[in-house]
Amino acid sequence: MIRNPRHDVLFESVRIGPKVAKNRFFQVPHASGMTNAAPHVRAAFRGMKAEGGWAVVSTGACSVHSSSDDSPFPNATLWDRSDIAAHAVMTQAVHDHGALAAVELWHGGAATVNRTTREAPLSPSGMPWLATHVGFMSAARPRIMDAGDIRDLIRWHAEAAVKAEEAGFDILYVYAGMGYLPYQFLLSDYNQRSDAYGGSVRNRVRLVDELIDAVRNAVKGRCAVALRVSMQELRARPSEVAESEAHEVMGYLKDAPDLFDVKMDYSAYDCAPSRFVPEGSHEPVVDFMKQITDKPVVGVGRFTTPETMVGMIRRGVLDLIGGARPSIADPFLPQKIAEGREDDIRECIGCNICISSWHDGVWVRCTQNPTAGEEWRRGWHPEILRKDGAGQVLVIGGGPSGLEAALTAARRGYQVALADSARDFGGRLRWESRLPGLNQWFRVVDYRLGQLRKMANVTLYPESPLTAGDAAGFGADHVIVATGARWLPNLCRDSEIPGPALDAPRVYTPDDIAAGTLPEGPVAVFDADNYYMGTAIAEALADKGLAVTHITTAGAAQAWGFMTNEQTHVHRALLRKGVATRTLEIVTGFDGETLDLAQIFSGAASRIAARSLVVVGTRIGGSALYDDLRARGLRVHLTGDANAPGAIAHAVYQGHKTARSLDAEDQPRRDAPFAPRDFEVPA
Ligand code: ADP
Ligand code: SF4
């Protein structure tokens, strides 16, 4: 395949201070959950993107001092020389593929409450940052920095810069974004100082300016210096001398760094879920940068389509196409565009399971790319598999797990037959992707089906409901059962204990709605699952004109949605669509006309009118087909939701792992931090 000439512009080199990026694909800093304690895991994860063609590959936040400790969120460190070796493995992996390595030097200020180091958080004026946000919540409030603290902060950055250069980094970031310390200096709400670092915008910019100088001078200009800055709030504030405070700030800083990395302020908008926010959503906030500065500008927006990327360059919005999630979902995105293989791109679906992994404090996990985070631990490459499969594999069920299992087995060289009882492949996503906002999730199916259809060793059997007898008669060497899970109609007794199923008319589960049932209104959705299903059904039914009440055992609708940055957006959507929300309640009874509710703490009873009830509670796996085949002595493997129900990410991962394990050892390795004797890097 040859590259589409329209995409040539993406492969032009870009000078960044003393360094040159070989093309315009820039993996901006993003959380990976990989700290210095897992140096090889991290190196392999980042190195894979360099192998896939990204010209610049960055770390996630890398703390410059122990007063910036993000625990329980994982962060990298450059606190002393003992940290250098762990980073050097990563820069080596990146350099091995001709890419530049960037480090995001970071001080969290008031946004880090230093749970492990127990140091007092720092801030310009004692203001906390999002003190009630998940993981940030703490009783600790920051102290007000004095002049000595500001000198220390600048020195810590300079010292970290020296170590970063020694570790092999080419681009050193100063990070003034997302509530972190230099960002707090930029905003008057957080910076109420009366010294040279507060008051006027010029004064508020001073710290960032000095940090950039300090970092550049520390490495004597040998590394490029990037400024990462959030501009959502600044852009919304009027300025007396410019179009907005963002314009004024950038006007002062326009010549300071070698590169601008521009973004939003809040994770829910910066890393926004596709369910509510489209590709390229940062543009209205960052679009003025190229009019202000001659320095290269990188920005993100979940760019997955080359046309959008080209548009960003041609329209003068960005010089470099920043990627965080698209680089996780497909580390080989640049190479695939370079080779004219756009159809092979595993496009990010914007589900934000990746960011939820960081909120969970673990290595990054991705719905589309089951190998993310497993490059070193399991030795999984996202594109290259050992061609060691011999024999035939029958996969029953063509949902996310069955499709992934079939594709992985086929890539290993097995003859693969994939059967599904339905006319179309896709399993749960056939319907779920038609729920409001979830259409991009169907990319999970599109990508896999597209690949399978190109493979000579794959046969697809739609409309093929298989019995155990059919499967046994097929004569395959392995049978993979990926037949999915089902929702139970059971209530729960309180927010934890499973309860009975209701004996009442018009009680439905998501499976009934998926099968086409349109409940009679008014309809109540009782949600004890607390991920997307309950709120998405509530939205869908409201879209059909029904009066909907969403009831949850949790304190907020879609309580787990804070993990995927959906919660703000979901509440707005429910309000917009007129869905009534009730929290901290369980359903205790329903007679087809009236729904009985009880408050979970007090037990206080209340009633609402409802003609139908949709229970979004527990999903259960298991497969009689699997049990039967096993009893017949076949080599049969249960996978995906049929094995253990979960998010689509879990199903894809299980399907991948099942197919990797056929006739093969697939044991993970354990990474370990470098021991003290390994600290010193040869001069
Ligand atoms: P997962 O998320 O684990 O991939 P899904 O529920 O999305 O699970 O997909 C399961 C698929 O299995 C559905 O498309 C369903 O039609 C199919 N299926 C279930 N039982 C059979 C069967 N006996 N024969 C063929 N296909 C089946
Ligand atoms: Fe994209 Fe979802 Fe993967 Fe994150 S987890 S990179 S949002 S597909």
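We count ligands from 1, going down the list as the structure has it; atoms in each ligand are counted the same way. The chain is numbered in sequence order, starting from 1.
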Just by distance, no angles: are the side chains of [X] and [Y] close enough, under 3.5 Å, to form a donor-acceptor pair?
X	Y	answer
Glu566	Thr564	yes
Gln27	Ser327	no
Asp470	Thr467	yes
Glu307	His7	yes

Could you list the donor-acceptor pairs under 3.5 angstrom formed between side-chain atoms of residues 415-422 and any protein atom two or more places apart in sequence or on another chain?
| unit_1 | atom_1 | unit_2 | atom_2 | d |
| --- | --- | --- | --- | --- |
| Asp420 | OD1 | Ala422 | N | 2.8 |
| Asp420 | OD2 | Gly398 | N | 2.6 |

*With a 4.5 Å heavy-atom cut-off, do Ile648 and Cys351 have their side chains touching?*
no
*Please identify each residue that fulfils side-chain contact (heavy atoms from CB on, under 4.5 Å) with Asp671, with sequence neighbours left out.*
Ala38, Pro39, His40, Val41, Trp376
_atom 4 (Fe) of ligand 2: protein N, O or S atoms that are less than 2.8 Å away, sorted by chain_ = Cys354 SG
*Ion pair present between Asp529 and Arg619, side-chain N to carboxylate O less than 4.0 angstrom?*
no
*Is Arg346 salt-bridged to Glu383, going by a charged N under 4.0 Å from an acidic O?*
yes
N/O contact list for ligand 1, threshold under 3.5 Å:
| unit_1 | atom_1 | unit_2 | atom_2 | d |
| --- | --- | --- | --- | --- |
| ligand 1 | 2 (O) | Asp641 | OD2 | 2.5 |
| ligand 1 | 3 (O) | Ser401 | OG | 2.8 |
| ligand 1 | 3 (O) | Asp641 | N | 2.7 |
| ligand 1 | 4 (O) | Pro400 | N | 3.1 |
| ligand 1 | 4 (O) | Ser401 | N | 2.8 |
| ligand 1 | 4 (O) | Ser401 | OG | 2.9 |
| ligand 1 | 7 (O) | Arg428 | N | 2.7 |
| ligand 1 | 14 (O) | Asp420 | OD1 | 3.2 |
| ligand 1 | 14 (O) | Asp420 | OD2 | 2.6 |
| ligand 1 | 14 (O) | Arg430 | NH1 | 3.1 |
| ligand 1 | 16 (O) | Asp420 | OD1 | 2.7 |
| ligand 1 | 16 (O) | Ser421 | OG | 3.2 |
| ligand 1 | 23 (N) | Leu466 | O | 3.0 |
| ligand 1 | 24 (N) | Leu466 | N | 3.0 |
| ligand 1 | 26 (N) | Ser421 | N | 3.0 |

